[in-house]
Visitor: 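Please find one structure pasted underneath; my questions will follow.
Here is the naming used below: chain letters follow the sequence lines, and residue numbers restart at 1 for every chain.
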There are 2 protein chains.
Amino acid sequence: MANSESGDSVVDRIVRVIAAFPDGVSTLQLSELAGRSGLPLTTAHRLVRQLAQHGLVDLGDGGSVRLGLRLWELVNRNSPALVLRQAALPFMEDIQQVLNQNVNLAVLDGWEVLFVERLSRRGSVANRAQIAGRMPVHISSAGVALMAFKPKGVQGEYLEQFADPSGRLSRRDMRSLLAETNLQGYAQLAGVVDPDTWGIAVPVLDRKRNALAALGVVVPLQEMRLHALVPALQTAARGIGRQLGNAAL
Amino acid sequence: MANSESGDSVVDRIVRVIAAFPDGVSTLQLSELAGRSGLPLTTAHRLVRQLAQHGLVDLGDGGSVRLGLRLWELVNRNSPALVLRQAALPFMEDIQQVLNQNVNLAVLDGWEVLFVERLSRRGSVANRAQIAGRMPVHISSAGVALMAFKPKGVQGEYLEQFADPSGRLSRRDMRSLLAETNLQGYAQLAGVVDPDTWGIAVPVLDRKRNALAALGVVVPLQEMRLHALVPALQTAARGIGRQLGNAAL
DNA sequence: GCAGTGCTTCCATTGAATGGAAATTCCGCT
DNA sequence: AGCGGAATTTCCATTCAATGGAAGCACTGC
């Protein structure tokens with residue numbers, strides 16, 4: 001027993017604390033937090049109290065813990081994701097108004113897509129791509145659109161390790177899917193998540209034609225009108241790209 | 001020279017790092033970060049590297065540092081601000097479409113208002129209330145709307161310490177402003193920030209009539225139509241409140 | 001009133017954090 | 001290309017902040 005039995009640094013433990021919240025859950029009891037983060041109760045308690053002093057977490061009655069407003073504030077004021085969001089939101093709203101479909105914006109992180117923003121069609125059922133949610137590249141049209149416009153090297157590495165656990169998609173399939181997407185300029189994926197929906201996505205490119213993000217829609221199969229959708233998305237994506245060019249990334 | 005010359009704990013220092021970014025700036029050089037956070041260069045370097053290992057910050061070429069995508073993800077997946085945002089966004093979009101004005105959503109944090117979400121009128125000039133931005137309560141209609149529906153005790157404490165640096169608003173004025181707002185059910189503030197705009201805001205109440213948030217619009221003076229605006233806002237606020245009642249706060 | 005659960009305080013132990021100094025890399029300038 | 005200055009990164013002896021078990025306290029349900 002000593003300074004950190006487990007060999008963690010303090011930084012490691014702070015990360016454990018703020019990463020301990022399961023998806024979409026914003027409140028935990030101290031003891032549950034300790035359990036989930038794998039920290040001794042006493043240590044969790046001490047850390048939480050310290051973090052609370054700075055507002056990185058907020059404490060409720062009876063030992064309830066939630067991520068702090070101040071943390072939210074700091075992150076949402078200075079995160080690079082915000083620059084992207086800021087640039088994209090007006091265009092996304094246009095698309096949403098014109099097409100009345102779920103619109104989303106995603107970036108690549110590792111070999112997964114991270115959804116940065118999403119506008120729901122009013123009244124639509126909760127769709128899978130939650131904000132700050134992740135999906136494997138090959139499951140989402142946004143992922144395919146992004147990967148298809150990444151540099152050759154990145155694509156190579158990706159394909160190298162690619163393996164569809166369901167076995168439905170071979171590496172060769174994936175390679176040709178990316179190639180085709182690059183050629184067409186947009187990705188379309190028939191309802192992988194939900195069998196009755198299609199995903200269409202286009203890349204947001206910087207001046208070097210490198211994909212920064214992907215802009216996509218999810219539409220019910222019967223409302224699928226590719227010829228109307230794709231140009232609208234591409235126009236918007238171009239607008240976002242231009243906007244980003246102006247802002248310092 | 002020893003363990004922390006300044007008497008900071010590690011937690012303190014991590015906070016310094018992530019709070020060191022000035023408003024809206026997402027990238028800093030390591031040395032600048034060290035300077036701004038008041039940490040010795042070596043220490044800043046060590047911390048940043050550790051944080052980067054967990055993705056709480058991302059490192060660019062040549063020592064550039066930015067807040068990490070993973071941090072953004074964690075916060076935006078589990079922060080209580082998100083529950084609010086999620087509940088409010090559809091209603092905000094409705095308002096924005098119908099009225100075509102800047103719509104914003106704010107909560108109270110300390111004696112300041114924190115803007116949680118904002119939809120810009122398309123083409124409008126950048127307005128002051130940025131997302132994750134703060135304003136003193138008495139400067140913003142959202143602030144007044146919030147404070148007017150907080151419990152008596154909180155209002156008392158607020159008035160206790162209230163002092164308008166500009167001297168334009170006395171404590172007595174503030175008190176009657178709050179009372180009047182509570183009576184009317186909405187707050188209106190003539191262009192404090194920008195002389196040609198008005199702010200109108202209504203509280204989002206929980207079942208105990210305690211204000212959780214405020215929903216507001218900023219409109220150019222000449223487009224001001226109170227009789228149309230207020231009912232629309234109130235309806236939306238009620239909807240948001242109902243939605244929040246369902247979700248576990 | 002009692003048992004059980006969970007939060008909080010206390011404190012001796014010790015290795016993780018510290019930061020000056022030196023090595024290295026990067027970058028602008030000639 | 002080659003040089004000079006400023007930045008980043010590595011190294012490592014010193015030391016106190018972090019650690020977590022144990023005991024105390026508060027709250028809840030039976």
Visitor: Would you indicate whether the side-chain heavy atoms of B:Thr43 and B:Arg46 approach each other to under 4.5 Å?
Guide: yes
Visitor: State, yes or no, whether a side-chain contact exists between A:Val107 and A:Leu212 at a heavy-atom distance under 4.5 Å.
Guide: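 Of all side-chain heavy-atom pairs linking A:Leu212 with A:Val107, none is under 4.5 Å.
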Visitor: How close or far is atom P of D:dT8 from atom CG of B:Leu39, stated in whole angstroms?
Guide: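 Whole-Å distance recorded here is 14 Å.
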Visitor: Taking only the side-chain heavy atoms of B:Arg13 (C-beta and beyond), determine which of D:dA18, C:dA17, C:dG19 contains the nearest atom.
Guide: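 The answer is C:dG19.
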Visitor: Measuring from the side chain of B:Gln50 (C-beta onward, heavy atoms only), which nucleotide among C:dT18, C:dA17, D:dT8 has the closest atom?
Guide: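 Shortest atom-to-atom distance from the side chain points to C:dA17.
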Visitor: What's the closest nucleotide to the A:Leu30 side chain, out of C:dA21, C:dC7, D:dG20?
Guide: C:dC7
Visitor: Do B:Ser26 and B:Arg66 pair up side chain to side chain, a donor and an acceptor below 3.5 Å, judged on atom types alone?
Guide: no
Visitor: If only side-chain N and O atoms of A:His45 are considered, is one of them under 4.0 Å from the OP1 or OP2 phosphate oxygen of C:dT8?
Guide: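 Checking A:His45 against C:dT8: at least one side-chain N or O falls below 4.0 Å of OP1 or OP2.
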Visitor: What is the nucleic acid contact for B:Ser31, judged by heavy atoms within less than 4.0 Å: base, sugar-phosphate only, or nothing?
Guide: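 Sugar-phosphate, no base atom in range.
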Visitor: With 3.5 Å as the limit, what N/O pairs link the protein to nucleotides 24-30 of chain D?
Guide:
none

Visitor: Just how far, in rounded Å, is P of C:dT18 from CG of B:Asp12?
Guide: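 Distance, rounded to whole Å: 10 Å.
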Visitor: Where the side chain of B:Arg46 is concerned, which of D:dT8, C:dG19, C:dT9 is the nearest nucleotide?
Guide: C:dG19
Visitor: Using a strict threshold of under 4.0 Å (side-chain N to carboxylate O), is an ion pair present between A:Glu117 and B:Arg85?
Guide: yes
Visitor: Are B:Leu30 and B:Val48 side-chain neighbours, meaning at least one heavy-atom pair lies under 4.5 Å?
Guide: yes
Visitor: Rounded off to whole Å, could you give me the CZ-to-C1' distance for the A:Arg49 and C:dT8 pair?
Guide: 8 Å
Visitor: Ignoring the backbone of A:Thr43, work out which of D:dA18, C:dA17, D:dG20 is nearest its side chain.
Guide: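 My answer, after comparing the listed nucleotides, is D:dG20.
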Visitor: State whether B:Glu73 and A:Arg134 are salt-bridged, where the test is any N-O pair (Lys NZ or Arg NE/NH1/NH2 against Asp/Glu carboxylate O) under 4.0 Å.
Guide: yes
Visitor: Assess whether a salt bridge exists between B:Asp8 and B:Arg16, defined as any Lys/Arg side-chain N lying under 4.0 Å from an Asp/Glu carboxylate O.
Guide: yes
Visitor: Look at the side chain of B:Thr42 and decide which nucleotide, out of C:dA21, D:dA18, C:dT9, has an atom nearest to it.
Guide: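 Of the candidates, C:dA21 comes closest.
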Visitor: Below the 4.0 Å mark, does D:dA7 have OP1 or OP2 next to a side-chain nitrogen or oxygen of B:Gln29?
Guide: no
Visitor: CG of B:Leu51 versus P of C:dA17: gap in Å, rounded?
Guide: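 For the pair B:Leu51 CG and C:dA17 P, the rounded distance is 12 Å.
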Visitor: Taking atom P of D:dA7 as reference, at what distance in whole Å does atom CG of B:Leu28 sit?
Guide: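 So the CG-P distance, B:Leu28 to D:dA7, works out to 14 Å.
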Visitor: Between A:Val10 and B:Gly62, name the one whose nearest nucleotide on DNA chain C is closer to the 5' end.
Guide: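 Taking each residue's closest nucleotide, the earlier one in sequence belongs to A:Val10.
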Visitor: Rounded off to whole Å, could you give me the CG-to-P distance for the A:Leu59 and C:dC7 pair?
Guide: 11 Å
Visitor: Is the closest basic N to carboxylate O distance between A:Arg70 and B:Glu112 below 4.0 Å?
Guide: no
Visitor: Whole angstrom is fine here: how far is it from CG in A:Asp8 over to P in C:dG15?
Guide: 15 Å
Visitor: I need the CG-C1' distance between A:Leu33 and C:dC7, as an integer number of Å.
Guide: 13 Å
